[in-house]
Amino acid sequence: MSAPLLSTHGLQAFYGDFQALFGIDFEVAAGEVVALIGANGAGKSTLLNAIMGAIRVAPDMVRLDGAPTGGAAPHVMVAKGVGIVPEGRRLFTGMSVEDNLRVAIDHSAGGNDAWTLERVYALFPILKDKRRDLVQSLSGGQQQMVAVARALLNQPRVLLCDEISLGLAPKVINEIYAAIPSISDAGTAIVLVEQDVGLAKKASDRLYCMLEGKVTLTGKSADVSREDISAAYFGAGHAVA
Ligand SMILES: Nc1ncnc2c1ncn2[C@@H]1O[C@H](COP(=O)(O)OP(=O)(O)O)[C@@H](O)[C@H]1O
Ligand SMILES: [Mg+2]
């Protein structure tokens, strides 16, 4: 396999005195889709936020193209090509769909302009129909599409998605997940934090399972069994049938 685009090395993260991550080794290659699963509180969002620089970590614990980036600020990471669809979306709900997207264009790294308004509208046609509507008038699923589109307009080389299916109806989850292959086919690596194990397995090339701040399982998504995932997800002795 080619060298990883983004990787973490023995990554530890703290909230004050509380240690949330204990030596995470994680990697994703260009064009790869990697799922990150685990129960509530396992440390999935903390890992994404540590990669993004929203939580301070040592320089060598995060590398992009092999170069240390740990501790760089979030806007620096975005400029370097690491995009995030954050938990809770964080959109400007009192602004129109298109104005939300234009904010991302205005703040994009420049140079690489592979993702345009036209292309994100082709990916999510409903957003084109609703481009003049206020984000707050959209359904949860449509708002999530805006969040994904906004992240793409930053021209990410790797896109970190934090529970984009949370609270959405199956039909709209399918619509959003249907966009994943088109994004990765364009060469963008994708990290999917997902609580729905079946969905995560189906959508990804590889997966990592986390439990209590540690990686408890990693492998090709097609190869890992439900039993292995169950044990890694809940801990030894707590496996459910
Ligand atoms: N801002 C914070 N301050 C203190 N502890 C936090 C904070 N955010 C998360 N934690 C704790 O860190 C651990 C990992 O949380 P998180 O990364 O949000 O898990 P996940 O995304 O897998 O649900 C949990 O024990 C959680 O309570
Ligand atoms: Mg989380």
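Read the numbers this way: they start at 1 and go in the same order the structure lists the ligands and their atoms. Computed from a predicted model, the values in this text were never measured in an experiment.
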Check: Tyr121/Arg119 side-chain N/O donor and acceptor closer than 3.5 Å
no
Looking at Ala39, which atoms of ligand 1 are within less than 4.0 Å of one of its heavy atoms?
22 (O)
Would Tyr15 and Thr46 count as having a side-chain donor-acceptor pair, cut-off 3.5 Å?
yes
How many angstroms lie between atom OH of Tyr177 and atom OG of Ser165, to the nearest 0.5 angstrom?
5.0 Å
Show the atoms of ligand 1 that are less than 4.0 angstrom away from any heavy atom in Ala20.
12 (O)
Do the side chains of Glu118 and Lys128 get close enough for a salt bridge, i.e. N-O under 4.0 angstrom?
yes
Ion pair present between Arg157 and Asp65, side-chain N to carboxylate O less than 4.0 angstrom?
yes
Candidate list Leu217, Thr216, Leu36, test side chain to side chain contact (heavy atoms under 4.5 Å, CB included), partner Met210, passing option
Leu36
Would you say Thr218's side chain and Leu207's backbone share a donor-acceptor pair under 3.5 angstrom?
yes
Min over Ala50, Ser45, Gly43, Gly213 of heavy-atom distance to atom 19 (O) of ligand 1 lands on Gly43
Return the residue, atom name and 0.1 Å-rounded distance of the protein heavy atom closest to atom 14 (C) of ligand 1.
Gly41 O, 3.4 Å
Roughly how far apart are Thr188 OG1 and Leu152 CG, rounded to 0.5 Å?
7.0 Å
Looking at atom 26 (C) of ligand 1, is any protein heavy atom nearer than 4.0 Å to it?
no
Keeping the roles fixed (side chain from Thr8, backbone from Ile24), state whether a donor-acceptor pair exists under 3.5 Å.
yes
For the pair Glu32 and Arg206, find out whether any cationic side-chain nitrogen is under 4.0 Å from an anionic carboxylate oxygen.
yes
Listing by chain and number, which protein N, O or S atoms are under 2.8 Å from the Mg ion (ligand 2)?
Ser45 OG
Counting only heavy atoms on the protein side, is anything nearer than 4.0 Å to atom 16 (P) of ligand 1?
yes
Ala42 heavy atoms within 4.0 Å reach ligand 1 at atoms 19 (O), 20 (P), 22 (O)
Check each atom of ligand 1 against the heavy atoms of Asn40 and keep those under 4.0 Å away; list them by number with element.
23 (O)
Closest protein heavy atom to atom 10 (N) of ligand 1, given as residue, atom name and distance to 0.1 Å:
Tyr15 CE1, 3.4 Å
Any atoms of ligand 1 less than 4.0 Å from a non-hydrogen atom of Phe18? List them with their elements.
11 (C), 12 (O), 13 (C), 25 (O)
Around Gln136, counting heavy atoms of other residues, nucleotides and ligands shown, do more than 12 lie under 6.0 Å from its CD?
yes
Atoms of ligand 1 less than 4.0 Å from Thr46 heavy atoms?
14 (C), 15 (O), 16 (P), 17 (O)
